[in-house]
Amino acid sequence: LGWAARPGEDSETEALRSGLIRDLAEVGDADVLARAQALFDDDEAGRAPLAAAVRAAVIGAVGRVADGPRFSALKRRLLAATSDDDRWRFASALGRAPGAEQAREVLALSLTDALPANLATRLPGMVSEGRWHGELAYQHVVEHWANLAARSGGMFGAQAWLLPGAAWSFNTVPQAQRLLTDQQRLAGEPGAAVAQRVASRIELLAAIQQREALRLQPALEALAAGRR
């Protein structure tokens, strides 16, 4: 496929390329991450603009391993963005950043007027979806519930999704129960259905994790015995 679109290329090929970049970056492929960072740096320095065909995928990949300078560049672009598409794209990339302090910086934006309220209140969910700092995102929503609930308003069930969205990366039964308890306390009955849906997903992940751990146990024991 390569990184550059070819003349006459169809949309399916373009989507496949972007999907591969995203998926390989997600599993930490060193070559893909290095190439994405190089393309982003060239764009940032004005040497070569990011090609439209891979722009979103490259930005997401850079967010996954963003160091200090690249994280700052992504944040600056988010705050300067003039289109909703770009705001959501850069916000999602920032939510994937690996550092705890970076996550706190992203979460802090949810309490300011720097971004539209519908995006600002989604930031905890984006941090949780990034998988690194789900607990930080969840605690942030609990601690700042009144502020976030007021900012989210009642449109499209946004308030009901605040806490379940921040719990998206949870994968244990106690975490599922915690979500249900906290949601009932903070959001009340209007948030019960959403919390139950996400709690069921968390419990399913916990069951899969337990099943796979049991399946792997004999192989791990055999490997350990072979090393003695």
Side-chain angles (χ1 to χ4, degrees), residues 26-27 60 63-64 66 71 75 78 87-88 90-217 220:
E26 187 70 18
V27 298
R64 173 52 83 184
F71 179 86
K75 183 179 177 183
L78 166 63
R87 289 192 191 99
W88 286 83
F90 287 116
S92 178
L94 287 165
R96 295 157 62 88
E101 287 306 313
Q102 293 173 329
R104 291 187 180 95
E105 197 170 329
V106 175
L107 292 169
L109 287 173
S110 71
L111 306 175
T112 74
D113 294 324
L115 298 170
N118 67 323
L119 174 56
T121 55
R122 273 286 293 126
L123 291 175
M126 290 180 176
V127 170
S128 184
E129 289 163 13
R131 296 190 309 167
W132 301 110
H133 304 293
E135 184 62 34
L136 273 179
Y138 189 89
Q139 281 298 326
H140 178 82
V141 174
V142 171
E143 291 171 11
H144 300 283
W145 174 262
N147 185 317
L148 292 167
R151 290 170 63 78
S152 66
M155 293 185 63
F156 308 114
Q159 187 177 122
W161 271 100
L162 283 171
L163 205 55
W168 197 254
S169 64
F170 285 178
N171 59 7
T172 69
V173 172
Q175 288 174 325
Q177 294 302 314
R178 178 181 168 200
L179 168 61
L180 292 173
T181 300
D182 288 339
Q183 181 82 333
Q184 180 61 39
R185 175 171 57 87
L186 295 171
E189 191 58 31
V194 173
Q196 185 59 64
R197 192 185 318 162
V198 175
S200 295
R201 174 185 180 273
I202 295 169
E203 290 170 348
L204 177 60
L205 290 174
I208 293 171
Q209 187 170 263
Q210 183 179 28
R211 182 194 68 194
E212 293 305 309
L214 291 172
R215 181 181 297 176
L216 286 171
Q217 188 62 33
L220 293 173

Point to revise | Residue pair Trp168 / Arg201: nearest heavy atoms and the distance that separates them | key: O-NH1, 2.8 Å
Check your understanding: In Å, rounded to the nearest 0.5 Å, how long is the span from CG of Leu123 to CD of Glu105?
Key -> 12.0 Å
Exercise for review: Look up atom NE2 in His144 and atom CD in Gln139, then write down how far apart they are to the nearest 0.5 Å.
Suggested key: 10.0 Å
Check your understanding: Any side-chain heavy atom of Leu115 sitting closer than 4.5 Å to one from Leu78?
Key -> yes
Check your understanding: So, do Met126 and Leu94 sit near enough that their side-chain heavy atoms are less than 4.5 Å apart?
Key -> no
Point to revise | Student check: side-chain heavy atoms of Gln159 and Trp145 closer than 4.5 Å | key: yes
**Study point:** pair Tyr138-Asp182: side-chain heavy atoms closer than 4.5 Å
**Key:** yes
Point to revise | Heavy-atom closest contact (Ser110 atom, Pro124 atom, distance) | key: CB-CD, 4.2 Å
Practice item. Can you see which heavy atom on Thr121 is nearest to which on Leu162, and at what distance? Key: O-CD2, 3.5 Å
Review point. Is the cationic atom of Arg122 (NZ for Lys, CZ for Arg) positioned less than 6.0 Å from the six-membered ring centroid of Trp161 and within 45 degrees of its normal?
Key: no
Practice item. With the side chain counted from C-beta on, respond yes when Gln177 and Glu203 share a heavy-atom pair under 4.5 Å apart, and no when they do not. Key: yes
Revision key, fill the gap. Tightest non-hydrogen contact, residues Ser128 and Ala137, listed as N-CB, 4.1 Å
Check your understanding: Would a 4.5 Å heavy-atom cut-off, applied to side chains only, mark Gln102 and His133 as touching?
Key -> no
Check your understanding: Given the rule in the side chain to side chain contact (heavy atoms under 4.5 Å, CB included) test, do Leu107 and Val127 qualify, once you have shown the distances and angles that lead to the verdict?
Key -> CA-CA 8 Å; Leu107 292 169; Val127 170; 3.9 Å; yes
Practice item. Would you indicate whether the side-chain heavy atoms of Asp113 and Arg151 approach each other to under 4.5 Å? Key: yes
Check your understanding: How far apart are the closest heavy atoms of Ala199 and Ala176, and which atoms are they?
Key -> O-CB, 3.7 Å
**Study point:** Nearest-0.5 Å distance that lies between atom CG in Leu180 and atom CZ in Arg185
**Key:** 13.0 Å
**Study point:** Gln183 vs Gln196, side chain to side chain donor-acceptor pair (under 3.5 Å): CA-CA, chis, key distance, verdict
**Key:** CA-CA 9 Å; Gln183 181 82 333; Gln196 185 59 64; over 6 Å; no
Point to revise | Carboxylate-amine/guanidinium proximity below 4.0 Å for Arg178 and Glu135 | key: yes
Point to revise | Side chain proximity check, Arg64 to Arg131, heavy atoms < 4.5 angstrom | key: yes
Review point. What are the two closest heavy atoms between Pro164 and Val194, and how far apart are they?
Key: CG-CG1, 3.7 Å
Exercise for review: Calculate, to the nearest 0.5 Å, the distance between atoms CD1 and OG1 belonging to Ile202 and Thr172 respectively.
Suggested key: 7.5 Å
Point to revise | Trp132 (side chain) donor-acceptor with Ala100 (main chain) under 3.5 angstrom | key: no
Check your understanding: Are more than 12 heavy atoms from other residues, nucleotides or ligands located less than 6.0 Å from atom CD of Gln210?
Key -> no
